[in-house]
Amino acid sequence: MNQIGRNVLVTGASRGIGRGIAVALAAAGHSVAVNCAGNLKAAEETVSICESVKQFDEQKFLIYKADISVKEDRSRMLKDAVNDFGEIHSLVNNAGIAPKNRTDLLQMSEDSLDDLLSVNLKGGFFLTQELSNIWLKQEPESSENRSIIFITSISAETVSLNRGDYCIAKAGLSMTVKLFARRLAEENISVFEVRPGIIMTDMTAGIKDKYEELINHGLVPQRRWGTPEDIGKAVNALVSDNFIYSTGSVINVDGGLHVPEL
Ligand code: NAP
């Protein structure tokens, strides 16, 4: 296997950032296992866009419906994907949810925190654990590098008082990256954190006007929304071995939003 032609499982690839990642990988010559929670129509659209940009006839794009917060779903998806592709070389833990309601920290509910932790934190953690164990039992087919990428958020470090549940889950996911990076480094598996800022997707559609105004007033130094394509480019660079000596690194894709100014 050379630098191109990896088989990559992308969670939450039916829409938004996950779709942007799947399409960037397809355009670079990789095959993609497209996971979705239930929106098969959107997942099929992702597959048809991937087909339209692919480089090689051999590239495959297959859909796996699985709720990453459910153990049985995760195991079934991994088993099916390994069967269908022969081997999965990279995992992109992208699937995530926003809180149903934005509420002040003093009113935030236990149910909301449970939801956010099970999808945004536990889902990626245990999917990574299970795939890592599969990898460690296999004879590596070559000296190939494997990688795991977590899509966290500016919220891993930046406080939003009306969605503390989301911030807590993303901060935990950021620590998950460090833990797996150290645990898997000697196994030739690199683990990265990609930290998006404010990205135009369904997740931000409900608060588009508020973000629009903040961006226009200079909140984001590069003065524009981020796009799923911005994240796709960064993830493709990681999957395509452009950062093979950088495990545990955080890549900010946020137009400079994380840089504090006095
Ligand atoms: P989105 O447009 O709402 O898309 C969410 C994706 O995740 C969909 O493909 C959805 O599948 C999938 N998904 C949701 N729950 C799932 C579950 N339990 N199991 C499997 N798949 C599930 O969100 P997005 O904006 O692209 O966000 C993607 C990731 O980036 C999330 O982790 C989010 O926290 C993070 N992020 C987003 C922003 C932003 O500004 N948008 C900023 C920073 C970080 P269905 O289509 O089947 O529902």
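All values reported here derive from a predicted model rather than from experimental measurement. Indexing begins at 1, ligand by ligand and atom by atom, following the structure's order.
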Problem set entry | Which residues share a ring-ring contact (aromatic ring centres under 6.0 Å, His included) with Tyr166, sequence neighbours left out |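 Result, ring-ring contact (aromatic ring centres under 6.0 Å, His included) vs Tyr166: none returned.
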For this session: Might you list the protein residues in contact with ligand 1, defined as having a heavy atom under 4.0 Å from one of its atoms, sorted by chain and number?
Result: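 Near ligand 1, by chain and number: Gly12, Ala13, Ser14, Arg15, Gly16, Ile17, Asn35, Cys36, Ala37, Gly38, Asn39, Ala66, Asp67, Ile68, Asn94, Ala95, Gly96, Ile97, Val119, Ile151, Thr152, Ser153, Tyr166, Lys170, Pro196, Gly197, Ile198, Ile199, Thr201, Asp202, Met203, Thr204.
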Exercise. What's the verdict on side-chain contact (heavy atoms from CB on, under 4.5 Å) for Trp225 and Ile198, showing C-alpha distance, side-chain angles and the deciding distance?
Worked result: CA-CA 6 Å; Trp225 282 82; Ile198 304 171; 3.6 Å; yes
Exercise. Who else is in Val23's hydrophobic cluster (ILVMFWY, side-chain heavy atoms under 4.5 Å, direct or via others)?
Worked result: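 Ile49, Val53, listed by chain and number.
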Exercise. Which other residues end up in the same hydrophobic cluster as Tyr245, if Ile, Leu, Val, Met, Phe, Trp and Tyr are linked when side-chain heavy atoms come under 4.5 Å apart?
Worked result: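 The other cluster members (ILVMFWY side chains, heavy atoms under 4.5 Å, direct or chained): none.
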Problem set entry | Neighbour count >12 (heavy atoms, 6.0 Å) for atom CD, Glu130 |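 Yes, because the 6.0 Å sphere around CD of Glu130 holds more than 12 heavy atoms from other groups.
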Problem set entry | Salt-bridge contact Lys60-Asp84 (side-chain N to carboxylate O under 4.0 Å) |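 Salt bridge between Lys60 and Asp84, a charged N being under 4.0 Å from a carboxylate O: no.
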